[in-house]
Amino acid sequence: MPSDPSSFLDRPPHHDDGSDDVAVPSTGSAYKALLSNRNYRLWFASSFISALGDWIGFAALTALVPALEGANAQAGLFALGTLLLMRLLPNVIFGPLGGVIADRYDRKRLIVITDIARFVLFLAVAFSKDIVALFALTFLVEIFSVVFLSAKDASMPSVVEDKAHLSEANQLNLLVSYGTLPLGAASTFIIAALATTFDGLLPEGTDPLRVALVVDAISYLFSAWLMSRVDLPGERERRAEAAESDTNVLQELRDGLEFIRGFPLLRALISGMVGVFFGAGLIVSLGSPFVQSTLDRPESDWTLLFTLVGVGLVVGIAGLVPLMRRFDQEKSFTGFLAAVGLIAGVIAVVPTFELVLPLGFALGAAAGVAVVQGYTLLHEHTVDETRARTFALFYTLTRVALLLSFVMGPYVAGSIEGLTPLSGIRTMLLAGSLVAAWFGLRARVAIGQMKAEDADRVTITSTVPRQYAGLFITFEGVEGAGKSTQIRLLAEQLEAEGHEVVVTREPGGAPIAERIRKLVLDPSVEDMGDRTEALLIAAARADHVDKLIRPALDAGKVVLCDRFVDSSLAYQGHARGLEVADVREVNKWAVDGVNADAVVLLRLDPREGLRRVEERAERNRAEARHSLTGKVFELPGTFTEQVAKDRMEAQGLDFHRKVARGFLDLARQDRRRYVVVDATADSDVVARQVRAGLNRWVPLPVDDVAPGREVDITDVEAAQVEAARIEADDIDMGTAEVSDPPGEESSA
Ligand SMILES: Nc1ncnc2c1ncn2[C@@H]1O[C@H](COP(=O)(O)OP(=O)(O)O)[C@@H](O)[C@H]1O
Ligand SMILES: Cc1cn([C@H]2C[C@H](O)[C@@H](COP(=O)(O)OP(=O)(O)O)O2)c(=O)[nH]c1=O
């Protein structure tokens, strides 16, 4: 299997068993936290206003254009078709380009500029009497909209301060995009009605709908003004990086496609949603003739149905999404995709309009949930650098799907009329529903397969020859994955089984190495070059190998090390962006032939890991306050470290996602050496799996050995004892006896 860093390995399988709720006490407070941030508020308001404008413009134009053709109904339909085509074509042609542009240039500036351009163009649309000019202007407006949407979507994570609230932010974003539909339609209606009432104020013969178009134009200007006040953090660095890479636009586009191809999960997500859009497109394009000719109802009933679908959409997004959060997101997402298809299938065959109405509502609700979950999963599984491209590709594909279905729906329905047992319209509706359901189920199967593969990874049973008298086991994973905890538990277990165990960590573990560690992790050290960092860590490693690891291995001990070379490959290579092969080479030299026999990878969503670290720091701060009042002034080293963020922990979530993916990549390339364990479970469960995974290196004893015996870490020399103590301290969060001077009140 090719490397697919996006697979489920970097997400706990039961991710949504409420574990999110620990980070986010309640979704209500998540919204509050989001909206209490000025930046996000401005961004949100700007999105809301421009989305509302979009729907007002859409409603007004679709009503106005057929009317321009006068009484000729067929010409009116043709004009409407052309208008829809003009709106969709730019998305198809320029969609991916929009993403490349948004990845490359200042996203905020792009949003403001495209909003202003749309303001000018829409004013021209409002005053244009010529239908050809109107089509041309619509086409132009859409080109700017493509860039606008890509930039807006890609900028969203930058205005969300706490990344744990991304899911809620996505939900609000979609609520704004689609929830404004009924609002926009109603606004158009009201504006037109007002303009008719006060038509004395308008120039002779002005269509009231043109007033709605002017309102739409102004909404873009307003949105631009709001956006100009947003401060997009991190934009400068991102662009500096983007500018540094001198690849051309086409190359970037190809990379974007290539990127998605390497991610089966993204493929499953995107194709599932695109399939549903295609099915939905068939249904929407046939909705009006279905209500009017098949069900023989007046035109206004179509508006009623459309509104109900819109209301269902809003209810789904606002009401159901929070409820679904406690379930497995991937599964419920594909379930809702399939539900959209199934409901549409029922709609296709029910005989009366009264039955269609509630189904339309349900259809909207299911689609709403599926779309929000789909977007959220897409965001979760993309990295910031390529996010705009991923989404641009997604938009392009969905729009191609819509285009195809808009064109196919009425045409094919008309052509097959009389050839099928059901009417042409009903047949096509049924076909659309089947397409949607099929894509939904296919995505579900793909995701299920990925999960099954993931589950297989832990069971390894063969035995392997040893390199040394002892055994070298390293632990890897994102921040807070539980490495220290697991090392402690494994040490206890192995000791109980009769092995001599040495516990140590990196960077550090020996006197010089510990001093380098202080420098490398010092948060006050700014501007350390990536190569400098990599070399310093490698230097510390050389010292550590010389002074501690090699002697211990030669003495036949089991060495358990918190991080080793693979951390450098993941952090300095994958995340910092140094060539992985170079980092490997430097380290090969530094370790002078000492390599891990087994690498235990504790797999955890970096978000959850960072949350654990934050929690640990919070606990330690409280502890520190307590200790200070209890007259304990000397805080041990690790303790202090765990109160403040170190240089690595202070990196953003995207950095840690890269680290996580880097590890997964390494694990896949080196399966014989890696033991991958899901670290979301309780520590004792994780510990049992770690122990079982190591069976091929250290066969499990036949008799049950008393578990949980006191750890008595054997020393090789003084430095080791220090390192081991630091480690034990790490485990006990400052409550270990080594940290409390005798006679002082225990800080536990
Ligand atoms: N399986 C687990 N479930 C929940 N919390 C855990 C688990 N394992 C460890 N923790 C907690 O998470 C925090 C980080 O664990 P730690 O072992 O120090 O991770 P790391 O070595 O990766 O920094 C600690 O506060 C620890 O108590
Ligand atoms: C060993 C190693 C660590 N690091 C980083 C990862 C961690 O953020 C930090 C080590 O700090 P540490 O406190 O050991 O992290 P954790 O609590 O997750 O075990 O140094 C590298 O970047 N490269 C390396 O080769």
Side-chain angles (χ1 to χ4, degrees), residues 12 19 22 474-490 503-509 513-514 516-523 528 530 533-541 544 560-576 578 583-584 586-587 590-591 596 600-604 606 608-620 623 637-642 644-651 655-656 658-660 662-663 677-690 723 726-735:
S19 52
V22 184
T474 63
F475 280 70
E476 299 288 8
V478 294
E479 315 285 333
K483 298 178 297 299
S484 317
T485 309
Q486 289 307 318
I487 287 177
R488 177 174 57 97
L489 294 172
L490 182 66
V503 173
T504 185
R505 67 151 178 203
E506 283 223 0
E514 283 294 334
I516 298 179
R517 175 191 175 93
K518 282 207 179 66
L519 177 63
V520 172
L521 297 182
D522 188 349
M528 181 183 291
D530 296 346
E533 188 183 80
L535 287 169
L536 281 173
I537 293 173
R541 189 161 290 141
H544 190 204
L560 304 182
C561 187
D562 191 338
R563 301 189 182 278
F564 197 57
V565 175
D566 301 76
S567 268
S568 285
L569 302 178
Y571 279 78
Q572 280 68 47
H574 285 275
R576 289 278 194 229
L578 294 175
V583 180
R584 201 188 283 278
V586 166
N587 276 280
V591 301
V600 177
L601 174 58
L602 298 175
R603 176 173 55 79
L604 189 71
E608 166 67 4
L610 291 172
R611 189 193 65 74
R612 287 182 185 177
V613 170
E614 187 54 44
E615 210 176 44
R616 180 179 65 191
E618 191 50 54
R619 224 173 18 227
N620 287 345
E623 200 85 12
T638 316
F639 191 93
T640 325
E641 276 174 21
Q642 291 185 355
K645 275 191 177 150
D646 68 35
R647 267 183 65 239
M648 298 295 177
E649 280 165 13
Q651 299 290 327
F655 178 87
H656 295 288
K658 284 187 213 158
V659 170
F663 279 131
V677 175
D678 170 15
T680 50
D682 280 351
S683 335
D684 49 337
V685 176
V686 177
R688 280 203 299 276
Q689 292 183 1
V690 169
I726 289 165
E727 202 53 52
D729 196 23
D730 199 71
I731 292 161
D732 288 316
M733 312 301 168
T735 61

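Counting convention: from 1, in listed order, for ligands and their atoms alike. Keep in mind that this is a model prediction, so the values were computed, not measured.
- Looking only at side-chain heavy atoms (C-beta outward), S484 and D562 come within less than 4.5 Å of each other.
- Near R619, meaning under 4.0 Å from any of its heavy atoms, are these atoms of ligand 1: 25 (O), 27 (O).
- At a 4.0 Å heavy-atom cut-off, ligand 1 does not touch E615 at all.
- The heavy atom nearest to atom 17 (O) of ligand 2, out of those in R616, R505, R541, is found in R616.
- Proximity of D682 to ligand 1, defined as any heavy-atom pair under 4.0 Å, is confined to the backbone N, CA, C and O atoms.
- Remark: among candidates R563, Q572, R576, the nearest residue to atom 16 (P) of ligand 2 is R563, based on non-hydrogen atoms.
- Proximity of E533 to ligand 2, defined as any heavy-atom pair under 4.0 Å, is not found for any part of the residue.
- Taken to the nearest 0.5 Å, the OG1 atom of T474 stands 8.5 Å off from the CD1 atom of I487.
- For a threshold of 3.5 Å applied to N or O pairs, the pair formed by S484 and ligand 2 contains no separation below that value.
- In this structure, A481 has a heavy atom closer than 4.0 Å to ligand 1.
- At a 4.0 Å heavy-atom cut-off, ligand 2 does not touch V565 at all.
- Nearest-heavy-atom check against atom 11 (O) of ligand 2 across R612, R517, M648 picks out R517.
- Considering only non-hydrogen atoms, atom 7 (C) of ligand 1 lies nearest to R612 out of R505, R612, K483.
- Counting heavy atoms only, T485 comes closest to atom 9 (C) of ligand 1 of the residues T680, V478, L604, T485.
- Residues passing the side-chain contact (heavy atoms from CB on, under 4.5 Å) test with E506, sequence neighbours excluded: R541, H544, C561, R563, F564.
- Evaluation of the salt bridge (charged side-chain N to carboxylate O under 4.0 Å, His left out) rule for R584 yields no partner, not counting sequence neighbours.
- For ligand 1, the polar-atom distance check against A681 finds a nitrogen or oxygen pair separated by under 3.5 Å.
- Taking any N or O of E479, backbone or side chain, none lies under 3.5 Å from an N or O belonging to ligand 1.
- Only the side chain of D562 comes within contact range of ligand 2, with a heavy atom under 4.0 Å; no backbone atom does.
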